[in-house]
Amino acid sequence: MKRNNLFFIIISFVSLSFINACKDVPHLTKKEVTKIGFIADSALIVSARKEASKIGIAILKKGGNAFDAMIATDLALAVSYPFAGNIGGGGFMVYRTADGKTGALDYREKAPLAATENMYLDADGSIIKNKSTLGALAVGVPGTLAGLFAVHEKYGSLSFSTLIQPAIDLAKKGVVITAKQAKRFQYFRKSFQKINKRSIFLDKNWKAGDTIKYFALAKTLERIRDEGRDAFYGGQIGQEMVDYLQKLGGIISIEDLKKYKAKWRDPIQFNYKDLTITSMTLPSSGGICMAQILKSIEPYDIKQYPHNSEKYIQLLTEAERRAYADRAHYLGDIDFVDVPIDSLTNRAYLKKRMSDFSWQEAGKSALISHGKITGYESEETTHYSIVDQYGNAVAVTTTLNGAYGSKVYVDNGGYFLNNEMDDFSAKPGSPNMFGLIGAKANAIAPEKRMLSSMSPTIVEQDGKLKMVLGSPGGATIITAVLQNILNVYEYDMRMQESVSQARFHHQWLPDLIKMEPDGFDSISLHKLTVKGYKIEEGNSVIIGKVDAILVLPNGQLEGGADPRGDDTAIGF
Ligand code: GLY
């Protein structure tokens with residue numbers, strides 16, 4: 001059996017970070033090898049759950065636009081996909097309106113007012129295990145609801161109550177648990193128990209096919225429908241959350257919630273050959289790193305290297321190595337630190353960075369630090385892509401950070417809280433849960449936003465919309481997204497074919513290429529090993545979970561719903 005085919009089989013059964021426990025021998029089904037995704041004439045949504053894509057599409061059918069659908073889809077994910085969908089986390093949106101205007105919204109969590117630079121270190125200056133990932137101290141001030149209300153205020157065309165109602169109805173009606181979801185609940189049961197006395201997820205041993213009804217969450221959403229944004233940012237829902245967190249030793253105050261604001265930002269925009277790529281700016285590293293990597297490989301005639309062959313992997317790896325070294329040193333919240341974005345993405349600078357790259361042998365991260373200018377993986381985030389019937393496009397990546405975030409479940413309110421504080425650099429040079437190293441630029445400070453890798457991205461060609469895409473996956477988000485752009489642009493793949501391809505990832509440190517197992521041919525792997533590359537297949541079984549839309553030459557839309565999850569494209 002070819003390794004690529006085996007890869008398709010495996011990813012259809014991959015269940016996130018607990019895959020190592022999954023011993024099933026999976027079978028290839030026709031759906032998983034289908035190269036062409038769902039085709040729509042006018043509008044399309046691709047998200048992590050069928051229920052959410054369906055709710056977003058129903059809003060579009062009511063006459064709503066992509067921004068209305070974004071709000072409804074996001075809230076539906078908070079109900080149907082508690083693994084990463086949320087009201088207790090944060091995210092980023094990148095958009096392109098029908099008339100070609102682009103923009104971005106930052107509703108990233110931020111550090112509480114009482115946060116301090118060394119809050120996760122012991123008296124000896126060592127990192128205290130789990131303190132930034134598990135429990136109340138790991139929680140950043142949530143931004144999701146502020147983000148949704150900001151989108152509504154600027155671009156919404158239907159009332160907020162119309163947009164939130166489907167999520168309320170879904171929470172009351174209940175959500176059928178998929179096989180993948182049941183495995184996740186089982187896998188994380190012990191961590192839920194460690195933090196919470198009770199939660200709906202501990203009520204019983206949920207199995208695939210069971211229906212969970214989320215009455216507490218429905219009540220919270222009803223209150224938000226009736227009282228608006230302030231119900232959370234200063235009102236009773238927020239107060240209950242603060243009280244619960246403080247009981248668990250947390251430091252978020254009602255003042256933190258009152259001060260929280262989502263921010264409209266200018267996205268990063270750059271050209272790769274004749275494509276114009278728009279992606280998220282700081283506090284996400286996504287757009288800057290993607291620009292660095294794609295501009296570094298631009299001078300090479302990529303098409304001459306077969307897809308996922310030795311030379312293709314080598315070239316991307318060397319560009320990634322250098323970009324992630326810069327990320328670790330220079331990047332942090334632009335509202336707090338000066339980041340030389342123009343210098344870092346300058347073509348001459350990147351050419352110089354690549355000048356010591358040799359086809360003969362692997363570069364060494366120990367010898368390649370950040371340039372001089374004038375973790376590990378999981379998919380505990382979620383991305384969805386929307387194109388509406390008017391031509392607007394929206395790319396959103398939202399997260400609790402880890403699976404079910406900090407595992408703190410506000411039982412009364414029916415939702416999980418993030419553990420986004422781990423995305424700060426708790427100690428310069430020490431890796432976070434994604435293995436990412438940081439420095440002073442990403443140190444903790446009150447009200448600062450932690451550095452992200454989330455990369456909601458929009459691609460244009462000849463002034464027209466071409467792709468909308470993004471991915472979960474921590475540090476691997478950036479490399480998952482850019483590999484899909486290259487799959488479509490350099491290797492002429494269709495969208496579904498592209499998202500189903502095996503992916504690889506290098507992030508400077510640790511100095512190894514992570515690869516989805518059995519997705520690459522053994523001759524290429526052998527040649528890379530001979531050159532000195534260290535390859536890791538298997539520890540992290542999947543790299544990203546890309547949900548994307550491609551505009552076809554005839555104007556139709558093709559969805560790429562990643563077969564690694566329960567992801568679904570729906571449209572009309
Ligand atoms: N929490 C993952 C990220 O923002 O990159």
Side-chain angles (χ1 to χ4, degrees), residues 16-17 48 77 81 83-86 88-94 104-111 120 132-134 138-144 147 262-263 265 268 279-290 320 323-324 327-328 331-334 375-384 395-407 416-426 431-438 441-442 444 448-457 469-482 505 507-508 514 540 542-546:
L16 317 174
S17 34
L77 284 168
Y81 195 57
F83 186 70
N86 66 83
F92 299 113
M93 173 182 78
V94 169
L105 181 68
D106 160 8
Y107 51 101
R108 180 72 161 165
E109 300 92 324
K110 59 182 197 174
Y120 300 117
S132 66
T133 54
L134 195 63
V139 182
V141 182
T144 294
K263 295 188 175 185
R265 302 209 186 253
I268 296 287
S279 191
M280 194 60 211
T281 189
L282 294 166
S284 177
S285 61
I288 295 170
C289 284
M290 204 184 304
E320 289 168 8
Y324 277 85
R327 180 194 192 279
L331 304 193
D333 184 351
I334 195 85
Y376 251 139
E377 281 53 65
S378 51
E379 52 159 286
E380 296 120 347
T381 291
T382 189
H383 174 86
Y384 54 92
V396 176
T397 314
T398 177
T399 189
L400 288 166
N401 196 24
Y404 309 99
S406 59
K407 318 293 186 282
F416 281 105
L417 289 167
N418 68 83
N419 60 349
E420 218 70 59
M421 290 296 284
D422 189 63
D423 270 346
F424 278 117
S425 170
N432 71 357
M433 64 181 271
F434 297 109
L436 286 166
I437 308 285
N442 190 31
I444 303 169
K448 189 172 173 185
R449 281 149 147 95
M450 51 298 278
L451 188 62
S452 172
S453 300
M454 293 192 283
S455 313
T457 298
L469 75 167
S471 176
T476 66
I477 291 174
I478 299 162
T479 51
V481 170
L482 72 88
H505 171 78
Q507 60 178 45
W508 178 51
K514 293 184 72 63
S540 163
I542 69 170
I543 293 179
K545 194 159 71 71
V546 177

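Just follow the structure's listing: the first ligand is 1, and inside any ligand the first atom is 1. Treat the numbers as computed from the prediction; the structure is a model and nothing was measured.
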Exercise for the section: May I ask you to identify the nearest protein heavy atom to atom 2 (C) of ligand 1, giving residue, atom name and distance to one decimal place in Å? Expected result: D423 OD2, 3.2 Å

Handout entry: Those atoms of ligand 1 less than 4.0 Å from some heavy atom in M454
Key = 3 (C), 4 (O), 5 (O)

Practice task
Classify the contact between E109 and ligand 1 as side chain, backbone, both or neither, using a heavy-atom distance cut-off of under 4.0 Å.
Solution key: neither

Exercise for the section: From the options I477, T399, N401, select the one whose nearest heavy atom is closest to atom 1 (N) of ligand 1. Expected result: N401

Practice task
Heavy-atom contacts with R108 under 4.0 Å: which atoms of ligand 1 show up? List them by number with element.
Solution key: 4 (O)

Practice task
May I ask whether M450 has any heavy atom positioned less than 4.0 angstrom from an atom of ligand 1?
Solution key: no

Completion exercise
Between the CG atom in L331 and the CD1 atom in I288, the distance rounded to the nearest 0.5 Å is 5.0 Å

Practice task
Nearest 0.5 Å please: distance from the CG atom of N419 over to the OG1 atom of T133.
Solution key: 6.0 Å

Handout entry: Candidate with minimal heavy-atom separation from atom 4 (O) of ligand 1, of A84, G405, S452
Key = S452

Problem - Shortest protein contact, atom 5 (O) of ligand 1 (heavy atom only) - result: S453 N, 2.7 Å

Practice task
Not counting sequence neighbours, which residues clear salt bridge (Lys or Arg N to Asp or Glu O under 4.0 Å) with E420? List them please.
Solution key: R108

Problem - Min side-chain heavy-atom separation L282-L451 under 4.5 Å - result: yes

Practice task
Specify whether Y404 and F83 have parallel, tilted or perpendicular ring planes, treating 30° as the upper limit for parallel and 60° as the lower limit for perpendicular.
Solution key: perpendicular

Exercise for the section: Tell me yes or no: between the side chains of R327 and S285, is some donor less than 3.5 Å from an acceptor? Expected result: yes

